[in-house]
Amino acid sequence: ADNEFGDQMHGQDYMVYAYLQLGEDKAAHAVVDDIEATKAGPDAFGAAFSQAAAPARYMVERGDWKGAAGLEVRPSKFPHVMAMSYFARALGAARSGNPEAARAEIAKLTEIEDKLRAAKNSYWAGQVDVQRLAATAWALYAEGKTDDALKTMSAAVDAEDKTEKPPVSPGPLVPAQELYGTMLLDRGMAKEALAAFEATMAKEPNRYNGYAGAARADVILPGAAYTEKDGLYTNFEGRVQRGRRAVFPPGEAKEDWAILRALSEVLGAKLPYDDRAQLLMALEKDVTHFAALNGAPVHADTSSATWAGIG
């Protein structure tokens, strides 16, 4: 009976994984509820693994970091099963900005890894080692130690590349390479992040977060916030109002018109304006009530930037 439960829940874990990759969170949650409600004996490894992996997978795949940090750790005779929960809790705590709580969970992972190595269970010890390294990397990142975090995350990727997928699971809770890509992207290292996400997709194809991460890394249009640029606004009465920049945009962020102007040139269809005044003159021509603002044409804005200083 335990084997039957284990086989059934093994299949259900695959269902949870598949639903999450399709973005069908409600369907995934229903299967997770079913898995958690199932009663299985203590010797059913497949059942124990699924009851730890499925709820953790549901939280981590959706980026519900507070939910991940609060996951229940079910007691099990299989320490590597409990490690799944500790890993998700550590990742959730770190990504929620609580590295101290993450460190407590990482200590549990270290303890389990040592037990597995002592029992000469090298395969699962290696899997837990990857989890420990990845969780440690994000704890370091939460502590502001970004260089150490990236080095440790890279070490987790190297360790994971030396292992095979466990037959009881559709894949790791979250690939180390994918976590690495996320960290790189958060640091603004888009080129390196794209390479990491592409490597993830080669090894773990058709992952939702892999595709989404690659898309974010491949095309980033860093538009300035409304407080970081001059602009024109039209209210419900059709009245044109001028907005002034309060602060300069950070990093490589640009005004929207400058981004579209640059993109048009890359696409071989360059827009016919090189500064904001030229753009506003075109706007005045097409939309006549923009022709005057407070008695002056909207293009008569001496604070406008030129393309030479932005492109």
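As a basis for the values below, the full set of heavy atoms in this structure was taken, side chains included, without hydrogen atoms, waters or symmetry mates.
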Q.
Do Glu192 and Arg187 have side chains that approach each other closer than 4.5 Å (heavy atoms only, starting at C-beta)?
A. no
(Q) Grouping I, L, V, M, F, W and Y whenever their side-chain heavy atoms are under 4.5 Å apart, do Phe78 and Val130 come out in a common cluster? (A) no
Q. Can you tell if the side chain of Leu184 reaches within under 4.5 Å of the side chain of Lys191, non-hydrogen atoms only?
A. no
Q: State plainly whether the residues Arg103 and Glu143 are in salt-bridge range, i.e. N to O under 4.0 Å.
A: yes
Q) Looking at CG of Asp34 and CE of Met15, how far apart are the two atoms once the value is rounded to the nearest 0.5 Å? A) 8.5 Å
Q. With the 4.5 Å side-chain cut-off for hydrophobic clustering, are Leu71 and Val16 part of the same group?
A. yes
Q) Any side-chain heavy-atom pair from Tyr86 and Arg132 closer than 4.5 angstrom? A) no
(Q) Tell me the closest heavy-atom pair linking Tyr141 and Ala149, and the distance in Å. (A) N-CB, 3.6 Å
Q. Centres of the Phe45 and His80 rings: under 6.0 Å?
A. yes
Q | Check: Glu113 and Pro79 side chains under 4.5 Å, non-hydrogen atoms | A | no
Q) Do the non-hydrogen side-chain atoms of Asp186 and Thr182 ever get within less than 4.5 Å of each other? A) no
Q) If you take all heavy atoms of Lys77 and Pro42, which pair is closest and at what distance? A) CD-O, 3.2 Å
Q | N/O donor-acceptor pair under 3.5 Å between Gln51 side chain and Thr38 backbone | A | yes
Q: Carefully, step by step, assess Met82 and Arg74 under the rule side-chain contact (heavy atoms from CB on, under 4.5 Å).
A: CA-CA 7 Å; Met82 296 174 66; Arg74 290 176 177 245; over 6 Å; no
Q.
Could you go through Gln12 and Val32, starting from their C-alpha distance and side-chain angles, then the distance that decides it, and tell me whether this counts as side-chain contact (heavy atoms from CB on, under 4.5 Å)?
A. CA-CA 8 Å; Gln12 286 178 307; Val32 171; over 6 Å; no
**Q.** Pairing of Asp114 and Arg117 as salt bridge, 4.0 angstrom limit
**A.** no
Q: State whether the side chain of Glu111 and the backbone N or O of Ala107 hold a donor-acceptor pair below 3.5 Å, judged by distance alone.
A: no
Q: Check whether any side-chain heavy atom of Tyr208 lies under 4.5 Å from a side-chain heavy atom of Leu20, and answer yes or no.
A: no
Q. Is it true that Trp65 and Leu173 fall in one hydrophobic cluster, defined by side-chain heavy atoms closer than 4.5 Å?
A. yes
Q | Phe248 atom CZ, over 12 foreign heavy atoms within 6.0 Å | A | no
Q. Are the side chains of Gln177 and Lys203 in touch, meaning some heavy atoms are under 4.5 Å apart?
A. no
Q. Around atom CD of Glu36, are there more than 12 heavy atoms of other residues, nucleotides or ligands at under 6.0 Å?
A. yes
(Q) So, taking the atom named CG in Asp158 and the one named OG1 in Thr163, what distance separates them when rounded to the nearest 0.5 Å? (A) 11.5 Å
Q) Considering all heavy atoms of both residues, which atom of Ala90 and which atom of Glu105 are nearest to each other, and what is their separation? A) CB-CB, 3.6 Å
Q.
Let me confirm one number: the OH-CD distance from Tyr226 to Glu255, rounded to the nearest 0.5 Å.
A. 15.5 Å
Q: Keeping the roles fixed (side chain from Ser50, backbone from Met9), state whether a donor-acceptor pair exists under 3.5 Å.
A: yes
Q. Which value, rounded to the nearest 0.5 Å, describes the distance between Asn121 atom CG and Ile112 atom CD1?
A. 12.0 Å
Q | Over-ring placement of Arg89 relative to Phe87, 6.0 Å and 45° cut-offs | A | no
(Q) For a quick test of reading the model, state the closest non-hydrogen atom pair linking Ala40 to Ala47 and the distance between them. (A) CB-CB, 3.6 Å
Q: Measure from the side-chain N and O atoms of Arg216 to the backbone N and O of Leu185, and report whether any donor-acceptor pair falls under 3.5 Å.
A: no
Q. Should we say atom NZ of Lys115 is surrounded by more than 12 heavy atoms from elsewhere, each under 6.0 Å from it?
A. no
Q) Is Glu228 paired with Arg245 through a side-chain N to carboxylate O contact shorter than 4.0 Å? A) no
Q.
Determine whether a donor-acceptor pair (N or O, by modelled atom type, separation under 3.5 Å) exists between the side chain of Ser76 and the backbone of Val81.
A. no
Q. For the residue pair Ala258 and Lys254, what are the closest heavy atoms and their distance?
A. CB-CB, 4.2 Å
Q. Within the side chain of Ser154, is there an N or O that forms a donor-acceptor pair under 3.5 Å with the backbone of Leu150?
A. no
Q: Could you state whether Leu194 and Val157 fall into the same hydrophobic cluster, counting links through intermediate Ile, Leu, Val, Met, Phe, Trp or Tyr residues with side-chain heavy atoms under 4.5 angstrom apart?
A: no
Q) Nearest 0.5 Å, what's the CD-CD distance between Glu178 and Glu204? A) 8.5 Å
Q | Asn206 versus Tyr211, side-chain donor and acceptor atoms under 3.5 Å | A | yes
Q: Would you tell me whether Glu61 and Gln21 have side-chain atoms, one donor and one acceptor, within less than 3.5 Å of each other?
A: yes
Q. Roughly how far, to the nearest 0.5 Å, is NZ of Lys145 from CG of Asp147?
A. 12.0 Å
Q. What do the steps show when you test Thr146 against Met183 for side-chain contact (heavy atoms from CB on, under 4.5 Å), and what is the final call?
A. CA-CA 9 Å; Thr146 53; Met183 189 179 288; over 6 Å; no
Q. Quick one: does Lys229's side chain have a donor or acceptor within less than 3.5 Å of a partner on Ala224's backbone?
A. yes
(Q) Under 6.0 Å from the ring centre and within 45 degrees of the ring axis: does the NZ or CZ of Arg276 meet both conditions for the six-membered ring of Trp257? (A) no
Q.
For Asp25 and His29, which I'm curious about, is there any donor-acceptor pair between the side chains at under 3.5 Å?
A. no
(Q) A side-chain contact here means heavy atoms from C-beta on lying under 4.5 Å apart; do Leu263 and Lys270 qualify? (A) no
Q. Given the rule in the side-chain contact (heavy atoms from CB on, under 4.5 Å) test, do Leu271 and Glu265 qualify, once you have shown the distances and angles that lead to the verdict?
A. CA-CA 7 Å; Leu271 292 171; Glu265 189 166 4; over 6 Å; no
Q. Which heavy atom of Leu133 sits nearest a heavy atom of Ala156, and at what distance?
A. CB-CB, 3.7 Å
Q | Same cluster (ILVMFWY, side-chain, under 4.5 Å), Trp138 and Ile106 | A | no
